Amino acid sequence: MKSEQTNSHPPSREDVHKMFDRIAPRYDLLNRLLSFGRDVSWRKKVAHYLPHKDQLALLDVATGTGDLLVSLYSRSGRVATGVGMDLAVKMLSIAQKKIAAKNLGKILSVTIGDARTIPFGDGTFDAVTIAFGIRNVDPVEKALAEMYRVLSPGGKALILEFSLPENILMRKLYLLYFRYILPIIGAFISGDSYAYRYLNRTVETFPYGDDFCSLMKQAGFENVIGHRLTFGVATIYEGAHV
């Protein structure tokens, strides 16, 4: 399925981390409410596609409040070390509290970092993940190239991102919710009217399906595949460094 560009004027991604810092206190709550709890199951699903080896070194890019980082450690039982990286310091503060609450400070950590210039050496990690963050990076090609660079041979990139359903009726219902209902609820709870208008605009203007798989292949990834979730409203993209 190719991308359907429904909006020819995507919003600027410049300094988007500042927006996420503004909504950090309500971010997790809104994720649960606005996805009807599906975001939790989507993150759990990512663990199924981790490389089949023990003692994994994991990097979670745009980790935000650390949900995916903690979930992958808990679900897989194979993460030896994990680092969550983000530019939004208030989001990272929440992630740190989650890690401390689970006594995982010797295994998981967070650091400030930009997906376009990942501050780690070549071949450092067995898996690099990112959930609902790749569409916020400009240019996305730079982030994909960096993710590929820091992966070791045999490693995988796993990218969880929103997409659009293939079914026409489902797509219409989804876009109705995304364009008109979600922004109102998000603005009311977060107190930030811009953040949840930004969300639907970035989702609708970001490449998905075959188009995003092509970007991963251009960055060097092989065996690229998209795993559609919940009628296609989200997709896990999997690519290998071989």
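Scope of the values below: all heavy atoms of this structure, side chains included, with no hydrogens, waters or symmetry mates. If you're wondering where the values come from, they're calculated on a predicted model, not measured in any experiment.
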So L160 and L229, do their side chains get closer than 4.5 Å, heavy atoms only?
yes
Determine, step by step, whether F188 and I185 satisfy the side-chain contact (heavy atoms from CB on, under 4.5 Å) criterion, reporting the C-alpha distance in whole Å, the side-chain angles of both residues, the deciding distance to 0.1 Å, and the verdict.
CA-CA 5 Å; F188 178 75; I185 298 173; 5.8 Å; no
Which heavy atom of P165 sits nearest to which heavy atom of V233, and what is that distance?
CG-CG1, 3.8 Å
With a 4.5 Å cut-off on side-chain heavy atoms, are I159 and T129 touching?
no
Any side-chain heavy-atom pair of T81 and L58 under 4.5 Å
no
Applying side-chain hydrogen bond (donor to acceptor under 3.5 Å, both in side chains) to E238 and not counting sequence neighbours gives K156, H227
Hydrophobic clusters here meaning ILVMFWY residues chained together by side-chain heavy-atom distances under 4.5 Å, can you tell me if F36 and F132 are in one?
yes
At their closest point, which heavy atom of A80 faces which heavy atom of I107, and how far apart are they?
O-CG2, 3.3 Å
Applying the 4.5 Å side-chain criterion to the ILVMFWY set and letting contacts propagate, would V128 and V140 be lumped into a single cluster?
yes
Which residues share a side-chain hydrogen bond (donor to acceptor under 3.5 Å, both in side chains) with D21, sequence neighbours left out
none
Locate the shortest heavy-atom distance separating P183 from R197; write the atom from each residue and the value.
CB-CG, 4.1 Å
Do other residues, nucleotides or ligands put more than 12 heavy atoms under 6.0 Å from the CG atom of L169?
yes
Going by the ring-ring contact (aromatic ring centres under 6.0 Å, His included) test, which pairs reach into residues 65-102, not counting sequence neighbours?
none
Linking I/L/V/M/F/W/Y whenever their side-chain heavy atoms sit closer than 4.5 Å, directly or via other members, would L59 and I134 fall into one cluster?
yes
Which atom pair, heavy atoms only, marks the closest approach of G84 to L69?
N-CD2, 3.8 Å
Contacts satisfying ring-ring contact (aromatic ring centres under 6.0 Å, His included) that involve residues 86-126 (not counting sequence neighbours) are F120-F125
Do other residues, nucleotides or ligands put more than 12 heavy atoms under 6.0 Å from F231 CZ?
no
What pairs of residues pass the side-chain hydrogen bond (donor to acceptor under 3.5 Å, both in side chains) test when at least one of them lies in residues 94-108, not counting sequence neighbours?
D28-K98, T65-K98, D67-K98
Quick check on the hydrophobic clustering: are I181 and L199 connected, directly or via other members, by side-chain heavy-atom contacts under 4.5 Å?
yes
Salt bridge (Lys or Arg N to Asp or Glu O under 4.0 Å) partners for R149, two or more places apart
D122, E146
Set of residues satisfying side-chain contact (heavy atoms from CB on, under 4.5 Å) with respect to R75, sequence neighbours excluded
K44, A47, S71
Same cluster or not: L68 versus I236, using hydrophobic residues (I, L, V, M, F, W, Y) connected whenever any side-chain heavy atoms lie under 4.5 Å apart?
yes
R179 vs E204 side-chain heavy atoms within contact, under 4.5 Å
yes
Can you list the residues that meet the ring pair (Phe, Tyr, Trp, His ring centres under 6.0 Å) rule with Y174, with sequence neighbours excluded?
F178
Working note: R43 + N31, criterion side-chain contact (heavy atoms from CB on, under 4.5 Å); need CA distance, chi angles, decisive distance, verdict.
CA-CA 12 Å; R43 288 183 176 89; N31 277 351; 3.7 Å; yes
Which one of Y198, F162, F212 satisfies the ring pair (Phe, Tyr, Trp, His ring centres under 6.0 Å) criterion with F206?
F212
Quick one: are E161 and I130 in side-chain contact, heavy atoms under 4.5 Å?
no
Of all heavy-atom pairs linking S76 and V79, the shortest is OG-CG2, 3.5 Å
On a heavy-atom basis, the closest approach of Y237 and S163 is OH-CB, 4.4 Å
Just wondering, do V242 and F221 contact through their side chains at under 4.5 Å, heavy atoms?
no
Taking side-chain hydrogen bond (donor to acceptor under 3.5 Å, both in side chains) as the test, write out the residues that go with T230, two or more places apart.
W42
Do V110 and D60 come close enough that some side-chain heavy atom pair is under 4.5 Å?
no
Name the residue from I184, I189, I23 that meets the side-chain contact (heavy atoms from CB on, under 4.5 Å) definition with Y196.
I23
Under 3.5 Å, is there a donor-acceptor pair between the side chain of R171 and the main chain of E166?
yes
Could you verify whether a donor N or O on one side chain and an acceptor N or O on the other, from R228 and T235, lie under 3.5 Å apart?
no
Taking only residues two or more places apart in sequence, or in another chain, which ones meet K18 in a salt bridge (Lys or Arg N to Asp or Glu O under 4.0 Å)?
D15
Qualifying side-chain hydrogen bond (donor to acceptor under 3.5 Å, both in side chains) pairs with a residue from residues 107-119, counting only residues at least two apart or across chains:
D114-R116
Would you say D86 and I112 make side-chain contact, with heavy atoms under 4.5 Å?
no
Does R26 have any side-chain hydrogen bond (donor to acceptor under 3.5 Å, both in side chains) partners at least two apart in sequence or in another chain, and if so, which?
none
